[in-house]
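Below is one structure, written out as structure tokens; comments come after it.
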There are 2 protein chains.
Amino acid sequence: MISEILKKQLIGIVGADRYKDDIETIIAHSYDAYVVEAKADAVLFPLSTDEVSQIVSLAGANDIAITPRGEGTNLSGGTIPLKGGIVLSFSKMNKIVEINTPDRYAIVQPGVVNGDLQKALAMDGFFYPPDPSSFPFSTIGGNVGENAGGPRCLKYGVTADYLLGLEVVLPSGKVIRVGSRNVKDVTGYRLTSLFCGSEGTLGVITEITVRVVARPESVRTILAVYNNLDDTARTVSDVIGSGIVPAAMELMDKVVINHVEDDAHLGLPRQAEGILLIDVDGEKSAVERQMDRIIEKARANGAIEVKEAKNDEEREELWLARRSAHGVLSRLAPNCMTEDATVPVSKVPTMIKGIRAILDKHSVKAGVLAHAGDGNMHPVITADARDREEMERVEAATAEIFELAASLGGTLSGEHGIGLAKAQYLPLVMDENTIEFMTTIKKAIDPKNIMNPGKFIF
Amino acid sequence: MISEILKKQLIGIVGADRYKDDIETIIAHSYDAYVVEAKADAVLFPLSTDEVSQIVSLAGANDIAITPRGEGTNLSGGTIPLKGGIVLSFSKMNKIVEINTPDRYAIVQPGVVNGDLQKALAMDGFFYPPDPSSFPFSTIGGNVGENAGGPRCLKYGVTADYLLGLEVVLPSGKVIRVGSRNVKDVTGYRLTSLFCGSEGTLGVITEITVRVVARPESVRTILAVYNNLDDTARTVSDVIGSGIVPAAMELMDKVVINHVEDDAHLGLPRQAEGILLIDVDGEKSAVERQMDRIIEKARANGAIEVKEAKNDEEREELWLARRSAHGVLSRLAPNCMTEDATVPVSKVPTMIKGIRAILDKHSVKAGVLAHAGDGNMHPVITADARDREEMERVEAATAEIFELAASLGGTLSGEHGIGLAKAQYLPLVMDENTIEFMTTIKKAIDPKNIMNPGKFIF
């Protein structure tokens, strides 16, 4: 609980208009894209690192929890203020500080929306590769907190791979700057990566320097259609195993295809059991040849049809199908849980088959999406969280999916994080010593556990 | 000091033939490629993680320092057993555990030589991108400890970018496994990166899983020759700033060119003030076009000659010039110190000019090499460490080079690490809070400071 004295002190830092404890604001910040809800005592909207530092110092002195928050799009409950306290919203720290394409970096405040950075970079012919499906509204700060991925991370890598430097307010209120703007830098411990994907449990990120990349000259996009899911999955492991690296290789099963088609009328093949959406980018002639090889492999693995986008409009339409899938599915029931188990790509056929069997066994409603090229599976489960019996089946299925992933040498999360959603499953992929080691790190940095408490770490 | 009792216990773990404290072995493990020397009390050659764990436990209980060591090629004093104790040599833990190209990973013991992994991968048409110049004899364990780079890291990234998983023996003797074999994995803190570049100060790495990549279809290599160093440097910032990403872009100045030519008679242009060695790789037609654009830019920036390697033999010869440079220079004097300051690429012309001016001002003998494409400068200073007056000039010049790098937004090290060589300069690029934070991490993991003590961290 925030005392009246503390409230006054906090208002002293941000002013009354950026300290909110009205019920509308509290409720608006009590949920994210996962199913759990919890109310903070106050939501603060800082404008500067200095304000953040003062807020965190005060919170520490008063044992008040801090939950940093971007736009709350994460799927693992990472932004739920489970222990109340303060939600720190970065919606007003949303400036692009610098774009420097000659030196291939950009500096942003954490509240900058990924899509806005993309737009700004596009004017210079550059882009920032990590592209979570939420990119039009998720923030770079949130992307860093969750180490977000996305379709084109298959070729380009995830958020951590583009992080050059961070400014962080530690739980003590002290400000540190880790990394730099240099693409190559081995000066001291590699601490940018420690904070990336730490889900707000180690400190509050207040400035981010990312590496940016020149836009590829050419893109080619196809949709390959299959009569069965096995052929779809085998195409994936065959293409990737041969050393080809498409920019993206997305799989959708029949459930997804039909719900998207119901909603968006894009002309998707409703009878198909599986489709692959594949992008190749780079220099024009290289793209031509690479995609020709992929099409050959798709056909050899049983694709009954390969459609190619003839222009940017058609490409956008194909991608719209993929991008809208999560939203469409999430409207089918009161709640939607997107799982994120990831396996080595050779195991994709086994994993896809296994996921379907598990979902059917427990009569769980779900469509299967996947960033298939990097083995990153997204069964999107729809259910009503108020229906206890249904939720028990969902939980049983989820547990079995994670067990299957672990047994195939996979892991719990490729890009969504652990948060609340998967903390209980950590022992499936991490032994006791390693979990204890993570706790050692957390305790050393945040001994009072004020940073986003109750998530995957103590 | 290792007591007789402890010696017996250690021999109990590894056997008498893998516990060495004869003076020859001690001296052979008292130096690396930096200038400082220090003697361990014993050198142990473990064969397994279990042996390492037992050794580290005993060392911890007896307050004995542990310095892990691969082949001792590092340039920053990272493997010097400054506080005596035990050197843990990984020369007998040198097995390639698994190569799995369909899933794009390889698992190795730390003592595997980088070049040996390359050879094994080449048979499957794959490679492991990080290529420090020492790759024919440096180990993957050492590469991870230092977060090694290399010429083609310009396009492909450094060691940390290829690290999927690690097995680590903590200072307590406990064994943890961080990361996995999945290319995408955000399960818990990103701890592989914390150990990468930690220079053996946090634990002993006993197994390494790296990401591997399909070999490019085609490579094109040119040597661009310049009448002045300014034009050479401007070509670099122009090419990179335009968004082109060569596989490698290496700069050598007149001093380097002439010493290499004296030694190897490769027909290098002795009159040139600067040369650039540039590789482009990828799909054949893309390589053609990209290199054509680079040649155009090289000429526009004043290249007086552009030679192209016509075949693999000629390519090898050009690269031999670059690869032999460090060895050739190091034979010119009793000691050789390779600096490693790195700047944003737009600052390469200013930095090169500044380095030359500083070296001349202090009458320091040095050739300038650079992984220029990523701003990673390597002034190779030759001197006699016994000549105090000369060493004072070397130190003054080195300090000024780091100050210049810092003033240009650069950093102390791009790929060689901090170790002994640069610890004193950390405050140039890192504030007090950030250094204190690194110390917090170190103390939490290694409270007795047994892991490679006396390096960049307390």
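Fair warning: this is a prediction, and the values are worked out from it, not measured in the lab. The sequence lines fix the lettering, A, B, ..., with proteins before strands; numbering per chain opens at 1.
Ranked by heavy-atom pairs under 4.5 Å with chain A, the list B:V178, B:V158, B:L202 is led by B:L202. Taking B:G410, B:A148, B:G375, B:G149 one by one and counting their heavy-atom pairs under 4.5 Å with chain A, the maximum is reached by B:G410. Between chain B and the options A:L426, A:V183, A:N376, heavy-atom pairs under 4.5 Å are most frequent for A:N376. Of the listed residues (A:G197, A:C196, A:G409), the greatest number of heavy-atom pairs within a distance under 4.5 Å of chain B belongs to A:G409. For the options A:K442, A:E283, A:E146, heavy-atom pairs under 4.5 Å to chain B are most numerous at A:E283. Most heavy-atom pairs under 4.5 Å with chain A: of the set B:G243, B:S413, B:A286, B:G241, this distinction falls to B:S413. Between chain A and the residues B:G414, B:S346, B:A444, the most heavy-atom pairs under 4.5 angstrom are made by B:G414. When each of A:G282, A:S242, A:S198 is scored by its heavy-atom pairs under 4.5 Å with chain B, the top score falls to A:S198. Of the residues considered (B:R177, B:R181, B:R215), B:R177 shows the highest number of contacts with chain A, using heavy-atom pairs under 4.5 Å. With chain B as partner, the option from A:S180, A:P344, A:G157, A:A214 having the largest number of non-hydrogen pairs under 4.5 angstrom is A:P344. Taking B:D185, B:D161, B:T101 one by one and counting their heavy-atom pairs under 4.5 Å with chain A, the maximum is reached by B:D185.
Neither the backbone nor the side chain of B:S237 comes within contact range of chain A; no heavy atom of the residue lies under 4.5 Å from a heavy atom of that chain. Of the atoms belonging to B:H371, it is side-chain heavy atoms, and not backbone ones, that fall under 4.5 Å from chain A. For a residue to count as touching a neighbouring chain, one of its non-hydrogen atoms must lie under 4.5 Å from one of that chain's; by this rule B:I457 touches chain A with the side chain only. Using a 4.5 Å cut-off between heavy atoms, B:V345 contacts chain A through both its backbone and its side chain. The parts of B:N147 that come within reach of chain A are both its backbone and its side chain, each placing non-hydrogen atoms under 4.5 angstrom from that chain. Looking at B:E436, only its side chain comes within 4.5 Å of chain A, counting heavy atoms on both sides. Proximity to chain A (any heavy atom under 4.5 Å) is restricted, for B:I441, to the side chain, taken from C-beta onward.
Contact between A:G188 and B:M438 at its shortest, heavy atoms only, is CA-SD, 3.8 Å. Contact record, A:R104 with B:G373: NH2-O, 3.7 Å, taken as the closest heavy-atom pair. Pairing each heavy atom of B:K184 with each of A:G150, the nearest pair is NZ-O, 3.6 Å. Residues B:D103 and A:K347 come closest through the heavy atom pair OD2-NZ, 4.3 Å.
Residues A:L191 and B:L194 form a side-chain contact, since some pair of their non-hydrogen atoms from C-beta on lies under 4.5 Å apart.
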Item to check | Derivation and outcome, salt bridge (Lys or Arg N to Asp or Glu O under 4.0 Å), residues A:R289 and B:E217 | outcome: CA-CA 12 Å; A:R289 280 191 46 206; B:E217 172 189 85; 2.6 Å; yes
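Remark: B:Y425 pairs with B:F402 by the ring pair (Phe, Tyr, Trp, His ring centres under 6.0 Å) rule, at least two apart or across chains. The ring pair (Phe, Tyr, Trp, His ring centres under 6.0 Å) test applied to B:F195 returns A:F437, not counting sequence neighbours. Applying the ring pair (Phe, Tyr, Trp, His ring centres under 6.0 Å) test to A:F127 and every residue at least two apart in sequence or in another chain returns A:Y156.
Using modelled atom types and a 3.5 Å distance limit, the side chains of A:Y189 and B:T201 yield a donor-acceptor pair. Using a 3.5 Å distance cut-off with no hydrogens or angles, the side chains of A:N182 and B:T411 do not pair a donor with an acceptor.
Residues of residues 165-174 of chain B lying under 4.5 angstrom from chain A, judged on non-hydrogen atoms, are B:L170, B:K174 by number.
Note that CD1 of B:I176 and CD1 of A:I435 are 11.5 Å apart. Values are rounded to the nearest 0.5 Å. We find the OG1-CG distance between A:T187 and B:D340 to be 8.0 Å, quoted to the nearest 0.5 Å.
In terms of modelled atom types and a separation under 3.5 Å, the side chain of B:S193 and the main chain of A:R190 share no donor-acceptor contact.
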